[in-house]
Amino acid sequence: MTFRSRLFATVALPLLSASLIATPSLADALSKPFEVAQESSDEGQPSEEELLLLKKQQEEQRQAEEQQRQAEEQQKAAEDQQRAAEQEAQRQAEEQKAAEESAQPAAEEEQPRAERKGKKRHQQEQQSEEQQPSEEQNAVGEDTQRQAEESAQPAEEEQQRPKTERKGKKRQQQTEEQQPAEEQNADTQRQAEEQKAGEESVQPAEGEQRSQKERKGKKRQQQEQQQTEGQQPTEEQPAMTGEGTPAETEGQPSTAEQPADAEQQPATAEDGEATGRKKAPAVVETLSEEQKQEIAADPSKTDETVVLPVENGAAVLDSDKDADNAGGQKSRDQRRKKREELRAEEEAAPMPESDMSAQAPISDEVREALPQRIDAAIKEKGERLDAAPVFEVPQTTNVINNTVINNTVVNNNTVNNNVTHVNVVEKVDNRMVLSIGNQLVVRGDDRERLRHDSEEVYYDNLARGRVRETIVRPGGVRLVTIYNRYGDIIQRSRIGRDGDEHILVYAPDLGDDAPRPDFVDVGYELPPMRLRIPVRDYIIDTSSNPDRDYYDFLAEPPVERVERVYTIDEVKNSARLRDKVRRIDLDTITFATGSAEVPMSQARTLRKVADAMQKVLDKDPGETFLIEGHTDAVGSDKSNLILSDERAESVASLLTDVYGIPPENLQTQGYGERFLKVRTQSAEQQNRRVTIRRVTTLVRPVAQN
């Protein structure tokens, strides 16, 4: 209701009512004052614009008062925090004094009683002095009282707002001035504490000889300096040392801002030294994008390292990635030279047209003896175990690799055979991280995944340190695996309810009694590989090739000859061996940073790949697929290895639970950040991936047609 309406209701309406009853002359007399009052009220009443302006000013004044109140509350909280810190410091000083008194030798009891009483009175005087409010507390109290008196005085909006702004600017200026002073003061305090600790360790009796008053006076002087600079040391706010907190060390984000997952925690140089990580040597990319595309279309025409034709694309072959990481450009030059020397020999060797032609011939004698040898291990009498065995970890191993020795990269056909210690770095659930020389590897235990839908599982100890695991499935299907003492698979077979046996893993060239050194990359005995097919026929990205015939791709033979049948562990440990077979990059599964979970919306993108795998298994139930997990380069080597292994296991479990792929046909291995698809140390989605390879030809004899 406006002012005029209220005036009409309270004054005009009663007068008009009276005029209807009174005589006309009386009505005129009564209405005259109303007209005068109305005119005078119209002249003195503010307009609606003025009312709105007044209301706005009142609102701004209330906001200014609220800001001032909040500032006072913050100051009060800071004062409370300071008082709590002072009380805590006093409590610690009293505890230290009590400890020193209790640690004094019994010789003090022999001192004259008068001397002990004098010392006690001296300590009581010090305590009474400390209980008195310090000059700084009085100053803070006076400042608080002065601010309270200023806030209690009413002020106009035009005066209050500039005052609030001035205070805000003043506080900001004080904060900016305090920052360097805080660091300098913290450094001073740290040096003083270190000096004090050193003096006490060298001269343990000095703390007893020096009076309590001198020590506390020095501490009080430091606190006064901190308060002068505007710093309030508390336990929640530790003093800044010369090394700085994580938030100030070389621009690293503060600990509170770092996510807990692996890939979001950048590894510093110290992390690398602790985990074996070495900075990859520089590689000079001189090829243009057009040249990279041309090489990718026909890699057989070049001796250069074939790289993905994308920005910062890494080498296509994992063995080339390893060489780049070990020796950089120098290693690339050596490998190019080696390829030039072997070009004529490689071109003379035809590309394999089938699995049978790819695999080196097995003598008729060995091939005829295979069923008997495999059956003998399955039926061998053993000693039944009450529980699943815990496999050993080898203490040493003969490591073969192409690391840099004396600034010289070892050629791939040269064996560097060194006895190296194997150490367990960490155990997480069913996997462990091992340190082998200058490299970390992750080793998982897939026995739990193999027990999927099992009715019974039992173990038998066999001769020569072997263990036989038997998993019984519904309907009488048995999965029989022979392990050595370290958990390496010697052979694995699936026996159907009708007695038919399908061999999944077996290396006849080694035999049951042959030594199997762990963690040996036997692929470094081979020359650098030359890719002789287009990159698009060697790698499939599910995102860019959704309509590709994945069955035809998986059914293709290896891209070069397989020298012998290898163990599954040899294949896992050798990038050179895995390069012999094609791969599918499941880049439609975009793992979240630090996560191994596969959302069901993305799990549906695996249907075509899973259908192709099942079609391969329908033709040969003994096929083996290797599921590889990878991460980007953000995070420590150790955490990335664990995460990548979890990603491989997640995809393998998904293929079994959702699409019915038998778990024994799937092998898993995590490689962390070792084989980046894009050469970058920052977060990169393309590096967080899972890869599938059909490795059957590498790990078991191929059945004759």
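Residue numbers start at 1 and run along the sequence shown.
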Task: Validation row: Leu434, Val393 side chains within 4.5 angstrom (heavy atoms) - done: yes
Open item on the list: For Tyr551, does the six-membered ring have the charged nitrogen or CZ of Lys615 within the cation-pi criterion, i.e. under 6.0 angstrom from the centroid and within 45° of the normal?
Closed with: yes
- [ ] Please confirm whether Arg689 makes a cation-pi placement over Phe591, using NZ or CZ under 6.0 Å from the six-membered ring centre and within 45° of the ring normal.
- [x] no
When you check the gap from the basic side-chain N to the acidic O, do [X] and [Y] get nearer than 4.0 Å?
X	Y	answer
Glu570	Arg564	yes
Asp445	Arg431	no
Lys580	Glu563	yes
Arg583	Asp585	yes

Taking atom types as modelled and ignoring hydrogens, do the side chains of [X] and [Y] form a donor-acceptor contact shorter than 3.5 angstrom?
X	Y	result
Ser574	Asp521	yes
Ser354	Ser357	yes
Ser639	Ser636	yes
Tyr483	Glu469	yes

Task: Given Arg492, Gln614, Arg494, the one that forms side-chain hydrogen bond (donor to acceptor under 3.5 Å, both in side chains) with Asn665 - done: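 The single option meeting the side-chain hydrogen bond (donor to acceptor under 3.5 Å, both in side chains) with Asn665 is Arg494.
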Task: Check: Leu641 main-chain N/O paired with Ser644 side-chain donor or acceptor under 3.5 Å - done: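 Yes, because the side chain of Ser644 sits within donor-acceptor range (under 3.5 Å) of the backbone of Leu641.
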